[in-house]
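In the text below, chain A, chain B and the rest are named by the order of the sequence lines, each starting its count at 1.
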Amino acid sequence: MKILQLHVDFVEYEPIQVESSVYEEADRKVNRIEDALLLLVCVEKEDEENIVDELVKDVAQFVDKLKVSKLVVYPYAHLSTELAPPQKALSILKKIREEFVSRNLEVYSAPFGWNKRLVVSVKGHPLAEQLRSYGAGGRIRTTSEPVSTALLMEEKLKSYWFILTPSGEMVPVESFDFRGYENLEYLTRYEIAKSRAVIEQPPHVQLMKKLEIADYENASDPGNMRWLAKGRLIKSLLEQYVTEKVIEYGGIEVETPIMYDLHHPSLEKYLHRFPARQYLIKTEEKEYFLRFAACFGQFLMAKDMVISYKHLPFWLYELTRYSFRREKSGELAGLRRLRAFTMPDAHAFCRDLQQAKEEMKRRLKLSLEVLEGAGITREDVEMAIRFTKDFFEENREFVFELIRQFGKPVLAEMWEERFFYFILKWELNFIDTQKKAAALSTDQIDVENARQYGITYVDEDGVEKYPIILHCSPSGAIERVVYALLEKAYMKMQKGEKPMLPVWLSPTQVRIIPVAERNLQDAIRLMEELEKNKIRVDVDDRGESVDKKIRDGESEWIPYIIVYGDKEKERGILPVRVREQGKIIEMTLEELIEHVKERIKDKPFKPLTLPKLLSRRPSFK
RNA sequence: GCCCCGGUAGCUCAGCGGGUAGAGCGGCGGCCUUGUAAGCCGCAGGUCGCGGGUUCAAAGCCCGCCCGGGGCUCCA
């Protein structure tokens, strides 16, 4: 027996005409039931009455969990090709209904043996759709039965989980000794078990507000943030940094539209392959969706390029501001998961699998460098790698090369069959304070979209071929990098250490605090000296006490604080409060400049756009 | 989406067996001219998320909605 169980806002059915010699009496009228559990029941050849108990018990659990009181039992033949004879099917259906009635449920029965018109509106939560199978009918077949792809996905996606180690071991997760690999264990649990009760809001949310980085914007859709001056600077620096790194690696930077025709033939299929919901925009003539990555734009561009094997591999790169994904509202959380986010998206077009594998190694190296530059080290991330069984068996050595490159044991998920467009994918996951995993960098080997979009190159033998495409985001969403930095800082706070951002990302790098009003002009001159060397400096000229200003500077996580008074003017030496070391170090101006420059090195610089004098600076609410 | 929790001054929060709205921080004004994590005094500031309902009376109780958080094996 197969049951497709749907939690519905409403279901409407209307008996149209009798279709079978065995049928129940019914009126030809529309029946509408709201907020109910709809059971599309298909009785199969081998089914006996004794499976009814099992079924009723399962359903009762859901009734309880979903807090519904109405059940609609709907005979639905289309879930199987091995149907029970009608008499028997009807009698089993009746038994099911009786059982539910005896459990005090409000049971509605669609008539057996009729051709019926059916309208349903399924609720959008994870438990709303369930396909279950009972008795000798056994497993759900993945053949041509008209069960939706989304439901079949579960079966195809049957996963086997392992830990792969740099030394070449492949250990089923159950038997891996996680001692010394706590974060990997958290990632594993997060990916496989996933349930955990955490009540507080993620710590980075409070920090992003307190540090005036980002905030919610109630007037927009949830998951669309506003970035305040300091946050905009941080984000902008990260954007520039990632872009520079990708270009250095050979990325060809382009820009593509953010919205696309919902019914464009190439895109339509791709969209259907991914159930995530999009933002839709209706104009008078057409419907558009907002891009959820740069894939479309770049593929449509690559399709119009004349490509020879001599050009391969080449990269198209775009920093998407924004990519849009209408994530379910319950999944949004601070900067961890947004509906509008900024993502570097780099696609490499490769001649064949061999070339794709070589490229992928380069891109893993790039990703690790980019994260490290942003302040997220290898210790902060855990790798997950996912592949089809076939791919792994044929490319085992390559998979382990990636793992050796990463240098720590890695969580591996192996799929029986390929459902997605890729045959291998890795991600670097940040494990946050709440032990939740968020993917940052990622790369995939796509063997399907070149054909889908008609992207071809001419090979040495003069034949047009489809390239293999790698999809890489070297840093992951920029917002998520900020989230990771803030969460990392919070973890430092918990250990009693001083939190801070990397110096090159700190909105104010050096703060000068004049002791008395008469020192202000000198402080401003000092600021100007530092600014000439591309260092972000401000001066706290407010009428507060020195102690108070130091306290404020510390709570803004400013890396270098200088108190400047008569003594400094006389001696020409600066007492620099160095946050990283938690102490005051005396330096000359030149030494300070050298010190800061050494920290910032090859990272991009942008000026802070807020007024340099704190007394002139509006604070954000 | 669904379930649970929350929304009170710019911020953090108290008040919630219904009876004229509070603190700290911040802001503004004044005094102090300051030496390495909060100087002192004063003042202003609130359709208690929004809309309905119950009541002589609602921040509080009831219903709906919006926003945030957590959870729901959701995550390209």
Report the nucleotide, chosen from [options], that has the shortest atom-to-atom distance to any side-chain atom of [X].
X       : options                : result
E517(A) : G39(B), U33(B), C75(B) : U33(B)
I550(A) : C67(B), U36(B), G35(B) : U36(B)
K436(A) : A37(B), G71(B), C67(B) : G71(B)
R336(A) : G68(B), A37(B), G70(B) : G70(B)
K498(A) : G35(B), A37(B), U36(B) : A37(B)

[M] and [N], which share atom name [atom1], separated by this distance in whole Å:
N      : M      : atom1 : result
C63(B) : U54(B) : P     : 15 Å
A21(B) : C72(B) : C1'   : 39 Å
A37(B) : C48(B) : P     : 42 Å
A14(B) : G24(B) : C1'   : 11 Å
C16(B) : G6(B)  : P     : 15 Å
U55(B) : C62(B) : P     : 16 Å
A58(B) : U47(B) : C1'   : 14 Å
A44(B) : G22(B) : P     : 13 Å

Assign [X] to base, sugar-phosphate, or nothing according to its heavy-atom contacts below 4.0 angstrom with the strands shown.
X       : result
V563(A) : base
K209(A) : nothing
L332(A) : sugar-phosphate
P575(A) : base
A333(A) : sugar-phosphate
G334(A) : sugar-phosphate
D566(A) : base

Could you tell me whether a side-chain N or O of [X] sits under 3.5 Å from a main-chain N or O of [Y], the two making a donor and an acceptor?
X       : Y       : value
R232(A) : R226(A) : no
E479(A) : T342(A) : yes
T320(A) : M343(A) : yes

Does Q206(A) contact G69(B) through a side-chain donor or acceptor facing the base, at a distance under 3.5 Å? no
Let's test your reading of the model: under 3.5 Å, does the base of C75(B) pair with the side chain of R325(A) as donor and acceptor? no
Given that A516(A) and E554(A) both sit by RNA chain B, which one's nearest nucleotide is further toward the 5' end? A516(A)
Ignoring hydrogens and angles, state whether a donor on the side chain of D522(A) or N519(A) is under 3.5 Å from an acceptor on the partner side chain. no
So, S441(A) and E427(A): side-chain donor and acceptor under 3.5 Å apart, yes or no? no
Does the ring of W161(A) carry R386(A) above it, NZ/CZ under 6.0 angstrom from centre and within 45° of its axis? no
Using whole Å, report how far [atom1] of [X] lies from [atom2] of [N].
X       : N      : atom1 : atom2 : result
E556(A) : G26(B) : CD    : P     : 13 Å
Y216(A) : C67(B) : OH    : C1'   : 10 Å
E544(A) : C31(B) : CD    : C1'   : 13 Å
Y186(A) : U73(B) : OH    : P     : 21 Å
L440(A) : C75(B) : CG    : C1'   : 14 Å
F341(A) : C75(B) : CZ    : P     : 15 Å
R337(A) : G70(B) : CZ    : P     : 12 Å
R542(A) : C32(B) : CZ    : C1'   : 16 Å

Determine which nucleotide pairs with [N], using a 3.5 Å limit on both distances of a Watson-Crick or G-U wobble pair.
N      : value
G64(B) : C50(B)
C40(B) : G30(B)
G1(B)  : C72(B)
G22(B) : C13(B)

Return the orientation label for the F422(A) and W415(A) ring planes: parallel under 30°, perpendicular over 60°, tilted otherwise. tilted
[N], OP1 or OP2 - any side-chain N/O from [X] closer than 4.0 Å?
X       : N      : result
S545(A) : G39(B) : yes
K548(A) : G35(B) : no
Y564(A) : U36(B) : no
R518(A) : U34(B) : yes

Can you find a heavy atom in the side chain of L300(A) that is under 4.5 Å from one in the side chain of Y260(A)? yes
